[in-house]
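Convention: sequence-line order gives letters A, B, ...; per-chain numbering from 1.
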Amino acid sequence: MSFSNVLISWYRNNKRDLPWRNTQDSYLIWLSEIILQQTRVEQGLPYYLRFSEKYPNVESFANASEDQILRMWQGLGYYSRGRNMLKTAKVIQRDFNGIFPQAYADLITLIGIGEYTAAAISSFSSNEAKAVVDGNVYRVISRYFGISTPINSTLGKKEFQAIADELLDTKNAGEHNQAMIEFGALQCKPKSPNCSICPFQSSCFAYQHHRINDLPIKLKKLKIRERYFNFFLIDDGDEILIKRRDNTDIWAGLHDLPAIEFPERTELEVLLNHPDFTNWFNDKTVIQKSSKEIKHILTHQRIYARFVHLNNYNPSIIEKNGWLKIKKTQISDYGMPKLISEYLKNFLN
DNA sequence: AATCCGGGGGA
DNA sequence: TCCCCAGGATT
C-alpha cells in the first residue's frame, strides 16, 4: 500500500461532512478557503454558512459594499481577508467575465490567494494536480518523514512543497489534498496526536523515533525585551561605587553600577521618587549630570541606559546592598559590560 | 527575511 | 502563558 492509498482509505472512513466539500463551485470553495486561512473549521463554519447564504455567487459578492462585508466578517479577525475578497470579486466580474476561475495559474494572480489557496481551489474544483501545503501538511510530512528543516524557513518551504508534490496522487489530487489536511487536523494533531490508532504507526519516522513532540520544527521569532536602566555614577572623590551582577540576568558576574530599572521609559522625576532612590540618597545628594539615553542592543534585549551622576549617598547602603567602593584607577581591574566600561572610559578621560 | 494582521481554543 | 489555526501581503 502506498502512502496515498493508506491516506485516502483513512480519509474516507474519518472525514467530517463539511459544506464546502459538497460542491465543485470554485467560488464557494474560494469563500471557504479564505475564511479558513489561519482559522479553525469550527470557528469559520458559521461564517461560511452566513456568507454562502447571503452571497451565493461571485456576482452578489462583488455587488456588496465593503461595510456589509466587514460587518459580516466581524469577530473573525484578519479583516484584510474580507477587503481583499471584495477586490477579487470585482476583478472576477471585470476581467474574468464573472466566471470564477479554476486554474491555478489564474487563481494565483488574484489578491488574497497565495500558493496554498490557489492549489486548494484548483484541486478541489477541477482536480488540478497541485499539492497543498498548509500547517497540517507541514506537520504530517515533517513527522512522517522526520524532516527537521524549520517549516518557516525559505529552505523548509521549498523542501516541504517538493515532498508534497512528490506525494500527490495526481489522478486524484482534490481528494488527496483534502485527505492530507483532514489527517493533520484530526489525527496528526499538533498536541497529543492519536498515534495509538494511526494507520502510519509502523512507517512514521517521528512515532518510531519518539520525536512526535519535537516535529515539526518552527523558528521562533525572538521577542526583544525592552529595558530601561538608570545607572548611578556615585562620585566619592577618587573613588566610585560599583556592584557585581548576579547570575540570573544578563552580564552575569560582571560588574556595573548601582541602578534602578524600569520596564518603560520614565521621566527623571519618576526615578527620583523611586523607593530605592530615596533609600540610597539623601538631602545632601546633588545630581550633577544626567546623560542622554544610550541605546545598547543585545540579541534578546534592547537596553536603554541613562547615567546619573551624583555626589552624595547614605554610607550604610554599601554594605547593605553588597556594593563595592573602588578607586577610579582600578576600574579596569573589574570585568564590565561594554555599555558600562565605554561610558566610564569616556567620562573619566 | 521579518513583520503585520486577530480572535479563539487547548495544554 | 504560549502555541497554533485550511496564509498572504507588505516592507
Side-chain angles (χ1 to χ4, degrees), chain A residues 7 11 15-23 26 28-48 51-52 70-88 91 104 107-125 130-143 149-158 160-161 164 173-194 212-225 299-300:
Chain A
L7 180 70
Y11 177 65
K15 67 177 181 178
R16 293 168 287 184
D17 184 20
L18 299 170
W20 47 85
R21 287 191 180 143
N22 301 325
T23 179
S26 56
L28 290 175
I29 294 170
W30 168 69
L31 182 57
S32 72
E33 288 302 333
I34 304 296
I35 287 174
L36 292 172
Q37 283 170 3
Q38 293 293 290
T39 304
R40 296 168 190 275
V41 166
E42 308 83 71
Q43 190 189 0
L45 180 54
Y47 286 85
Y48 173 82
F51 269 99
S52 59
L70 290 178
R71 194 158 55 241
M72 282 186 67
W73 203 271
Q74 202 171 77
L76 199 53
Y78 286 147
Y79 295 91
S80 64
R81 287 183 292 175
R83 289 192 294 273
N84 287 338
M85 284 183 87
L86 186 55
K87 291 180 195 167
T88 286
V91 169
Y104 181 96
L107 294 163
I108 196 68
T109 66
L110 299 169
I111 187 75
I113 297 181
E115 281 185 51
Y116 162 79
T117 305
I121 300 174
S122 63
S123 67
F124 298 161
S125 66
K130 293 287 184 184
V132 296
V133 181
D134 73 337
N136 295 302
V137 177
Y138 277 121
R139 191 166 53 254
V140 172
I141 289 177
S142 107
R143 285 175 175 166
T149 313
I151 62 174
N152 55 344
S153 64
T154 304
L155 178 61
K157 286 173 188 165
K158 285 184 190 164
F160 281 90
Q161 182 70 58
E175 192 177 24
H176 172 97
N177 280 337
Q178 290 277 10
M180 287 289 284
I181 294 168
E182 191 77 334
F183 183 77
L186 298 185
Q187 181 83 16
C188 198
K189 298 181 292 183
K191 299 286 171 72
S192 54
N194 302 328
I212 288 290
N213 293 320
D214 305 332
L215 295 172
I217 288 175
K218 192 173 189 176
L219 262 26
K220 306 194 195 313
K221 46 179 176 270
L222 54 100
K223 44 181 176 258
I224 309 249
R225 177 152 69 123
T299 307
H300 295 91

My understanding is that only one of A:Arg83, A:Met85, A:Lys87 makes a side-chain contact (heavy atoms from CB on, under 4.5 Å) with A:Ile111; could you say which?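 The option that passes is A:Lys87.
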Classify the side-chain pair A:Gln178/A:Arg21 by whether it contains a donor and acceptor separated by less than 3.5 Å.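 Per modelled atom types, A:Gln178 and A:Arg21 side chains form a pair under 3.5 Å.
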Between A:Tyr116 and A:Glu33, does any side-chain donor sit less than 3.5 Å from a side-chain acceptor?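 There is such a pair between these side chains.
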Mind checking [X] for me? I need base, sugar-phosphate or nothing, with any heavy atom below 4.0 Å counting as a touch.
X        : result
A:Ile111 : sugar-phosphate
A:Ile113 : sugar-phosphate
A:Leu18  : base
A:Trp73  : nothing

Is DNA chain B part of any stem, that is, at least 3 consecutive Watson-Crick or G-U pairs with both distances under 3.5 Å, and where?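 Ordered by first number, the stems with DNA chain B (at least 3 consecutive pairs each) read B:1-5 with C:7-11, B:7-11 with C:1-5.
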Mind running a 4.0 Å heavy-atom check of residues 130-140 of chain A against DNA chain C and sending the residues that fall below it, in number order?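 Within residues 130-140 of chain A, the residues near DNA chain C are A:Asp134, A:Gly135, A:Asn136, A:Arg139.
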Please figure out whether A:Ser153 or A:Gln37 has its closest DNA chain B nucleotide nearer the 5' end.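 Nearest-nucleotide comparison on DNA chain B picks A:Ser153.
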First of A:Arg83 and A:Leu219 reached from the 5' end of DNA chain B, by closest nucleotide: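 Nearest-nucleotide comparison on DNA chain B picks A:Leu219.
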Candidates [options] - which lies nearest the side chain of [X]:
X        : options              : answer
A:Ser192 : C:dG8, B:dG6, B:dA11 : B:dA11
A:Gln178 : B:dA11, C:dA6, C:dC5 : C:dA6
A:Val41  : C:dA6, C:dC4, B:dC5  : C:dA6
A:Arg21  : B:dG6, C:dA6, C:dA9  : C:dA6
A:Tyr116 : B:dG7, C:dA9, C:dG7  : C:dG7
A:Thr117 : B:dG8, B:dC5, C:dG8  : C:dG8

Between A:Glu175 and A:Lys15, does any side-chain N to carboxylate O distance fall below 4.0 Å?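 So A:Glu175 does not pair with A:Lys15 through a salt bridge.
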Looking at the base of B:dG7, is there any donor atom on it, or on the side chain of A:Gln43, that sits under 3.5 Å from an acceptor on the other one?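 It does, because a donor-acceptor pair links the side chain of A:Gln43 to the base of B:dG7 below 3.5 Å.
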Check: A:Arg40 side chain, C:dC4 base, donor-acceptor under 3.5 Å: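 Flag set: donor-acceptor pair detected.
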Checking the side chain of [X] only, and the main-chain atoms of [Y] only, is there a donor and an acceptor separated by less than 3.5 Å?
X       : Y        : answer
A:Arg81 : A:Gly112 : no
A:Ser32 : A:Ile29  : yes
A:Tyr47 : A:Gln74  : yes

Without decimals, in angstroms, what is the distance between A:Glu175 CD and C:dA6 P?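 So the two atoms are 19 Å apart, to the nearest Å.
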For [N] versus [M], give the span between their [atom1] atoms, rounded off to a whole number of Å.
N     : M      : atom1 : answer
B:dC5 : C:dC5  : C1'   : 14 Å
B:dG6 : C:dT11 : P     : 15 Å
B:dG8 : C:dG8  : P     : 23 Å

Does atom NZ (A:Lys189) have a neighbourhood of more than 12 heavy atoms from anything else shown, all under 6.0 Å?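 Above 12, so yes.
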Provide the closest heavy-atom pair for A:Leu186 versus A:Asn194 in the form atom of the first, atom of the second, distance.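 The pair with the smallest heavy-atom distance is O-ND2, 3.3 Å.
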Are A:Trp73 and A:Phe51 near enough that their ring centres are under 6.0 Å apart?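 Under 6.0 Å, so yes.
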